[in-house]
Amino acid sequence: MVSLCSTDIAILPAIKLDKAKWDHCVFSDPHGSFFAAHDYLSYMAPGWGGLVLNDYQAVLPIIYNSKFGIKYMTGLPFVKQLGLMGDWQPSHKEAVFNTIHRFAKYGDVCFNQNNGALVDRSACAQPNYELDLNQGYVDIYNGYHKTLRKRLRRISQDQNLCVVSADGREVISRYQGFLAKKTPLDLREDFKRLAALLQTPFGAAHFTPYKVMTQNKEEVFFGLYGKDVFRIYKFMTAVTQEGRNANASAFALDHLIGQYAGTGRIFDFMGSALPGVRSFIESFGADMRPYYLYHYNHLPWPLKLFKR
């Protein structure tokens, strides 16, 4: 460890982290996330380490890669926010960022909504929406937009849709096809790693695949939601055109909200800046609680000119 302002802090490679201490820090923080757990990161991040503060008083996942011998910070596939978790103070800010900058001269680091005092104005707020599940389902339902309630009543009257369990690999395949139409990125390896993770005890404990079917046994919606002690995550969804026409996405999310209403958890919609998606999420009465994207470029000239 390196002592900075009476703070012991260092970035350790994953293989040198104390898994039990790391996971205890992650799962004991209400703003933590199972996406920061040692098992999830080991499957989903080809290169990762951990910033450790004072013998696991607080931890920050460090996702990185390298190109042309230059190490850079990057994001975690399918996850928008990780952040510093545990018992930290705003006074740790300088030590945290100095350590990050020494580790890599360029990149992006995402911080969670609880890290606002840490990042201050050095990061851009990004939209994420959450719904508190403290109340019972009826009270939550009454907070829906009237148009959404009308759609759900019509679905209930028609009794044409139902939620059933699904195979995780099928959901991933459907989502992969859905996403291929929207992004040029090659995410095949990321999907393979996720499929492998779902076959592990950790994956089975934290992910549930499901789908929506019509009375005619037509599959119109596919979803994979995540869960831990504090949150339910809308992780991955894909809907067919028939499903859009039948409002299957609204039906599926309402089903999940009803399943976990009154548990005190948070339903995390996992963010979107797309106006149409944001409007859909807001119709459930969700509140905007941003996360923070920190981008920096400390590369030497002239490399700095090629990276913005």
* Does Y210 have any ring-ring contact (aromatic ring centres under 6.0 Å, His included) partners at least two apart in sequence or in another chain, and if so, which? -> F221, Y225
* Structure fact -> In short, ring pair (Phe, Tyr, Trp, His ring centres under 6.0 Å) pairs touching residues 112-170 with sequence neighbours left out are Y137-Y141, Y141-Y144, Y144-F284
* Structure fact -> One should read off an interatomic distance between I100 CD1 and I11 CD1, to the nearest 0.5 angstrom, of 6.0 Å
* Structure fact -> M85 and H31 have their tightest heavy-atom pair at CG-O, 4.3 Å
* Asked: So do V171 and K211 actually touch side chain to side chain, heavy atoms under 4.5 Å?
  -> no
* To do: Flag this pair as yes if the NZ/CZ of K21 is under 6.0 angstrom from the six-membered ring centre of Y56 and inside a 45 degree cone about the axis; otherwise no.
  => no
* To do: State which residues pass ring-ring contact (aromatic ring centres under 6.0 Å, His included) with Y72; sequence neighbours excluded, sorted by chain then number.
  => none
* To do: Test side chain to side chain contact (heavy atoms under 4.5 Å, CB included) on K234 and T237 and set out the steps.
  => CA-CA 8 Å; K234 176 185 170 291; T237 62; 3.7 Å; yes
* Asked: If you link I, L, V, M, F, W and Y whenever their side-chain heavy atoms are under 4.5 Å apart, who else ends up in the same group as F68?
  -> none
* Keeping the roles fixed (side chain from N128, backbone from M270), state whether a donor-acceptor pair exists under 3.5 Å. => yes
* Could you tell me whether the side chain of N112 and the main chain of L82 form a donor-acceptor pair under 3.5 Å? => yes
* For Q126 and Q81, run side-chain hydrogen bond (donor to acceptor under 3.5 Å, both in side chains): C-alpha distance rounded to whole Å, both residues' side-chain angles, the deciding distance at 0.1 Å, then the answer. => CA-CA 10 Å; Q126 303 292 317; Q81 58 174 319; over 6 Å; no
* **Min side-chain heavy-atom separation E130-D268 under 4.5 Å** => yes
* Asked: F78: what forms a ring-ring contact (aromatic ring centres under 6.0 Å, His included) with it, not counting sequence neighbours?
  -> F191
* Answer yes or no: is there a side-chain heavy-atom contact under 4.5 Å between P209 and M236? => no
* Asked: Other than I266, which residues form its hydrophobic cluster under the rule that side-chain heavy atoms must be closer than 4.5 Å?
  -> none
* Main-chain N/O of E94 paired to N98 side chain as donor or acceptor, under 3.5 Å -> yes
* Asked: Between S173 (side chain) and R169 (backbone), is there a donor-acceptor pair under 3.5 Å?
  -> no
* Give, for atom CE of M213 and atom CD of E219, the distance between the pair rounded to the nearest 0.5 Å. => 5.0 Å
* Looking only at atom types and distance, does a side-chain atom of S66 sit under 3.5 Å from a main-chain N or O of I70, one as donor and one as acceptor? -> no
* Residues clustered with V229, ILVMFWY side-chain links under 4.5 angstrom -> F230
* Taking the side chain as every heavy atom from C-beta outward, state whether P61 and W22 have any atom pair closer than 4.5 Å. => yes
* Is the backbone N or O of R151 less than 3.5 Å from a side-chain atom of N247, with the two atoms forming a donor-acceptor pair by type? -> no
* Asked: To the nearest 0.5 Å, what is the distance between CG (D8) and CG (N54)?
  -> 5.5 Å
* Asked: Once you round to the nearest 0.5 Å, how far does CG of N114 lie from CG of D29?
  -> 6.5 Å
* Asked: When you measure from the side chain of T200 to the backbone N and O of G203, does any donor-acceptor pair fall under 3.5 Å?
  -> yes
* **Plane angle bin for F202 and F34 - parallel if under 30°, tilted between 30 and 60°, otherwise perpendicular** => tilted
* **side chain to side chain contact (heavy atoms under 4.5 Å, CB included) between L84 and V59, worked out** => CA-CA 6 Å; L84 186 64; V59 299; 5.8 Å; no
* **K150 atom NZ, over 12 foreign heavy atoms within 6.0 Å** => no
* To do: Measure the shortest side-chain to side-chain distance between W48 and L17 over non-hydrogen atoms and say whether it is less than 4.5 angstrom.
  => yes
* To do: Using modelled atom types only, decide if a donor and an acceptor are shared between the side chain of D254 and the backbone of A250 within a distance under 3.5 Å.
  => no
* Output all residues satisfying side chain to side chain donor-acceptor pair (under 3.5 Å) with H92, sequence neighbours left out; order by chain, then residue number. => none
* Under the side chain to side chain donor-acceptor pair (under 3.5 Å) rule, collect the residues that match up with E242, sequence neighbours excluded. => T240
* H38-D23 side chain donor-acceptor pair, cut-off 3.5 Å -> no
* To do: Kindly compute the distance separating CZ (R278) from CE (M288), expressed to the nearest 0.5 Å.
  => 6.0 Å
* Asked: What's the spacing between R265 CZ and D228 CG if we round to 0.5 Å?
  -> 7.5 Å
* Asked: Are any side-chain N or O atoms of S42 and backbone N or O atoms of D39, one a donor and one an acceptor, separated by less than 3.5 Å?
  -> no
* Asked: Quick one: is the NZ or CZ of K71 closer than 6.0 Å to the six-membered ring centre of F103, and within 45° of its axis?
  -> yes
* Side chains of Q215 and Q159, donor plus acceptor under 3.5 Å -> no
* Listed partners of H101 passing side chain to side chain donor-acceptor pair (under 3.5 Å), at least two apart -> Y294
* So L198 and I172, side chain to side chain contact (heavy atoms under 4.5 Å, CB included) or not? Walk me through it. -> CA-CA 10 Å; L198 293 188; I172 291 172; 3.6 Å; yes
* State, with a plain yes or no, whether a side-chain heavy atom of N115 is found less than 4.5 Å away from one of Y291. => no
* If only atom types and distance count, is the side chain of D132 paired as donor or acceptor with the main-chain N or O of N134 below 3.5 Å? -> no
* Would W88 and L60 satisfy side chain to side chain contact (heavy atoms under 4.5 Å, CB included), going step by step from the backbone distance to the final call? -> CA-CA 11 Å; W88 59 272; L60 170 69; over 6 Å; no
* **Residues that F35 engages under ring-ring contact (aromatic ring centres under 6.0 Å, His included), provided they are two or more places apart** => Y40, Y233, F235
* Asked: Is Y43 close to L194 at the side-chain level, that is, under 4.5 Å between some pair of heavy atoms?
  -> no
* Listed partners of N160 passing side chain to side chain donor-acceptor pair (under 3.5 Å), at least two apart -> none
